[in-house]
Amino acid sequence: MSTTEPRLARGMRDLLPDAMRRRQRVVDTLRRLFETYGFEPLETPAVELSTTLLGKYGPDAERLIYRAGLGDEADLALRYDLTVPLARVWSGNDIPRPFRRYQIAPVWRGERPQRGRYREFVQADVDIVGAPGMLADAEILTIVTAGLDALGFTGYRLKLNNRRLLNGLGRYAGVPEAVLPGLYRAIDKLDKVGLEGVRLELRSVGLPGELLNRQRQAVGRWVRGQADRDRLARDLAAAVGDAEPAGVAERGLPAFLDALADFPNGGGDDARAAEAAAAEAAAAAMTASVDCLRGLYPVDRLIPDAVTDRLLDLLQLRDGSRALLAALGTRLDDAEAAVGIAQLSEVLDALDAAGVPADRYEIDFAMVRGLDYYTGTIFETVVETPPIGSIQGGGRYDNLLARFGKPAPAVGTSFGVDRLVDVMEALGLFPAEAGAAAADVVVAVFDAVTAPGAVGLAADLRRAGIRTELYLSADRLGDQIRYALERRASVVAVIGPDEAAAGTVVLRDLGARSQAAVDRAGAVDGVRAILGARRSGG
RNA sequence: GAGAUCAUAGCUCAGUCGGCAGAGCGUCUGAUUGUGGAUCAGAAGGUCGCGGGUUCGAGCCCCGCUGGUCUCCCCA
């Protein structure tokens, strides 16, 4: 007989009972919350027409869309998120506005799996369609904080920004339209790489990303002492091998090797100090490399150093407070930025009115978000430990619904349920014992003659709403008790020949290590008494 | 999509110079035909990820592939 390997497709996971219970706990909490805020459930298919999804997310996201289909139906795709399907539903149905809907369902992305990154994962979305005002944005943000609070998060950082403010920032920089995405991407890294890191990123915009990426990796190996001079030269030669224009390889490689000669290979004794020194050396080496490359590429594709200085100057203002908005307004002096700032302060007012504590969120105009469809308010929550990225993200997307023929403003968010579970696990936010037992009572089966009595007892307990497992063979009683202990049940109920003859049931209290016989008619109450005592006793 | 690194029993891993495939935990059986997670005794469990190469001989060396993990990219 040929067997099939029990393997999973890449990036896919099974959720065994313990993991599934944790996910359900998160999902149940969010669903209850969403309903408390008056949101209605919606379900859409996993499979959409490719045309529904394509062209909505931007080029980076688009290549991650799972294409599916059967031969002549190959124009199908698995949904990438729950927002675009919502837009399709809105336009394809007659729904009164505002439409407040929630949807908790898996989505698929063809990513390279990593910690906290799966190809199939569950999103919990809440969105409001048809409400143009900032009250709607604040409503969504209130749910975000309430959700994170309800799940037990404490020091999270919910960052708030506005796309129109960002547009003003772009104009302030005064660079060509084509350079803007690179600029946004660079400043988005502020939290991760710091001010000098952003400088490097800004000065890298317009340079070939793949070349820089491979250079960074080669330099990392070199300064950490993982590569000798020959290896470094080989890595770098490979990195510049495909670079455009062709002259880069000839002129850039020697210059870069030269520049790098100043930086030491290998670290000291103390691992942490060595790591810090290596990071510093790598940054300096990359700065030298970028200097060298900027001389080789056309100036009109690069961000001028004067602009970089101006932007970095501006980024230093970032203090997360409300006063920041006024400061930004005067500095940017731009009509669209002014709209973004006004919207942000309206949102803040509404959050205050809703009683959301000010320490739950902060303004961060260096927070960008990658998806193309956002138009106004944007926000996301990032956790630092574990370093898993964002656990929640969302914003306003006033132009997306028009793409399906029925324009309407909309705002919403999605929680990354699987990342929430991962983070909560790492932070110990799940109660240790909660829900671990699948059943409170195990009904033992003594022999074939008494089995029907056991089956009947289990049925009675279940009718009373008590979680009951019927043992399914007549093993030795010791085995059945050991099994019940493994299952974390609280009670074993036994009807053997003696009990059957006497019309009784032996109820063994596993916690108290004691047992007593009760009348068969009083068995349910007897179990309740033990479970009740256990529960109140802690 | 780029790079690094790893892959030995169900799990965690050891395996020296290229020379008989190992340990702990778990599982199963028994000690024990009506009662506690222990203990003791025993057993099962392997294509050393897959395919090729070098060699008298490969878990170990070389090449390719697949998969996991990590760093980028991007995101939840």
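Letters go in sequence order (proteins before strands), and every chain restarts at 1. Hydrogens, waters and symmetry mates play no part in the numbers below; they use all other heavy atoms, side chains included. Everything numeric in this text was worked out from a predicted model, so none of it was measured.
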When you compare the protein's N or O atoms with those of nucleotides 66-68 of chain B, which come within less than 3.5 Å of each other, and at what distance?
unit_1	atom_1	unit_2	atom_2	d
B:G68	OP2	A:Arg10	NE	3.0
B:G68	OP2	A:Arg10	NH2	3.4

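When each of A:Arg488, A:Arg487, A:Arg467 is paired with A:Asp440, the salt bridge (charged side-chain N to carboxylate O under 4.0 Å, His left out) condition holds for A:Arg467 and for no other.
Here the separation of B:U55 from B:G3, taken at their C1' atoms, is 33 Å to the nearest Å. Comparing B:U27 with B:G46, their C1' atoms are spaced 16 Å from each other, to the whole Å. For the C1' atoms, the distance linking B:G22 with B:C61 amounts to 22 Å, nearest Å. Nucleotides B:G52 and B:A2, compared at atom P, are 27 Å apart to the nearest Å. To the nearest whole angstrom, the two P atoms, one in B:C63 and one in B:U54, are 15 Å apart. Across B:G49 and B:G67, the matching P atoms stand 16 Å from one another, rounded to whole Å. The separation of B:G1 from B:C25, taken at their P atoms, amounts to 44 Å, rounded to a whole angstrom. On the P atoms, B:G24 is 23 Å away from B:G59, given to the nearest whole Å.
The nucleotide B:G59 finds no pairing partner, because no Watson-Crick or G-U wobble arrangement with both distances shorter than 3.5 Å includes it. In a base pair of the Watson-Crick type (N1 to N3 plus N6-O4 or O6-N4) or a G-U wobble (N1-O2 and O6-N3), with each distance short of 3.5 Å, B:G1 is matched with B:C72. Pair assignment for B:G24 gives B:C11, based on Watson-Crick or G-U wobble hydrogen-bonding distances that are each under 3.5 Å. Judged by Watson-Crick or G-U wobble contacts below 3.5 Å, the nucleotide B:C40 has B:G30 as its partner.
Looking at A:Arg419, its side chain never comes within 3.5 Å of a backbone N or O of A:Ile391 through a donor-acceptor pair. Of the possible donor and acceptor atoms, one in the side chain of A:Arg79 sits under 3.5 Å from a partner among the backbone N and O of A:Pro106.
In summary, A:Asp291 and A:Arg203 engage in a salt bridge, as defined by a charged side-chain N under 4.0 Å from a carboxylate O. Of the charged side-chain nitrogens involved, none lies within less than 4.0 Å of a carboxylate oxygen, so that A:Lys56 and A:Asp372 do not count as a salt-bridged pair. Salt bridge absent: A:Asp28 and A:Arg25 never bring a charged side-chain N and a carboxylate O closer than 4.0 Å. A salt bridge links A:Arg482 with A:Asp479: the distance from a Lys NZ or Arg NE/NH1/NH2 to an Asp or Glu carboxylate oxygen falls below 4.0 Å. Between A:Asp149 and A:Arg360 there is a salt bridge, since at least one side-chain N of the basic residue sits less than 4.0 Å from a carboxylate O of the acidic one.
If you measure from atom CH2 of A:Trp108 to atom C1' of B:A76, you get 14 Å, rounded to the nearest angstrom. As a whole-Å value, the separation of A:Arg369 CZ from B:C75 P is 8 Å. Distance NZ (A:Lys159) to P (B:C75): 13 Å, rounded to an integer number of Å. When the P atom of B:C73 is taken as reference, atom OH of A:Tyr184 falls 20 Å away, rounded to whole Å. Distance CD (A:Gln480) to C1' (B:G36): 13 Å, rounded to an integer number of Å. Straight-line distance from the CD atom of A:Gln114 to the P atom of B:U5: 17 Å, rounded to whole Å. Look at CG on A:Leu212: it is 15 Å from P on B:G3, rounded to the nearest Å. In this structure, the CD atom of A:Glu201 is 7 Å from the P atom of B:C73, given to the nearest Å.
You won't find any donor-acceptor pair under 3.5 Å spanning the side chain of A:Glu111 and the base of B:G1, going by distance alone. No hydrogens or angles were tested; on distance alone, a donor-acceptor pair under 3.5 Å links the side chain of A:Arg112 to the base of B:G3. For a distance-only test at 3.5 Å, the side chain of A:Arg419 qualifies as a donor-acceptor partner of the base of B:C75. At a cut-off of 3.5 angstrom, the base of B:A76 holds at least one donor-acceptor pair with the side chain of A:Arg109.
By the 30° and 60° cut-offs, the orientation of the rings of A:Tyr397 relative to A:Tyr374 is perpendicular.
Remark: aromatic rings of A:Phe34 and A:Tyr102 are close, center separation under 6.0 Å.
Dashed line: the shortest gap from a side-chain N or O of A:Lys189 to OP1 or OP2 of B:C72 is not under 4.0 Å. Within the structure, a side-chain polar atom (N or O) of A:Lys192 is placed less than 4.0 Å from OP1 or OP2 of B:C73.
Between A:Tyr80 and A:Ile495, the residue anchored nearer the 5' end of RNA chain B, judged by the nucleotide with its closest heavy atom, is A:Ile495. Take the nearest nucleotide of RNA chain B for A:Gly116 and for A:Gly478: the residue whose nucleotide is more 5' is A:Gly478.
Among the heavy atoms of the strands lying under 4.0 Å from A:Tyr118 is at least one base atom, whether or not backbone atoms are also near. Looking at heavy-atom distances under 4.0 Å, A:Asp498 makes contact with a base. Using a 4.0 Å heavy-atom criterion, one finds that A:Ile391 contacts the sugar-phosphate atoms exclusively. Residue A:Glu499 is classed as a base contact, given a heavy-atom separation below 4.0 Å to a base. Within the 4.0 angstrom heavy-atom criterion, base atoms lie near A:Arg476. If you check every strand for non-hydrogen atoms under 4.0 Å, A:Arg117 touches a base.
Within residues 508-517 of chain A, the residues that place at least one heavy atom under 4.0 Å from RNA chain B are, in residue-number order, A:Arg508, A:Asp509, A:Leu510, A:Arg513, A:Gln515.
Using a 3.5 Å distance cut-off with no hydrogens or angles, the side chains of A:Tyr483 and A:Asp475 do not pair a donor with an acceptor.
B:A76 has its base stacked against the ring of A:Phe121, the centroids being under 5.5 angstrom apart at an interplanar angle below 30°.
Residue A:Leu53 comes nearest to A:Leu78 through the heavy atom pair CD1-O, 3.4 Å, listed as atom of the first residue, atom of the second, then distance. Residues A:Gln480 and A:Ser473 approach most closely at NE2-O, 3.7 Å, considering heavy atoms.
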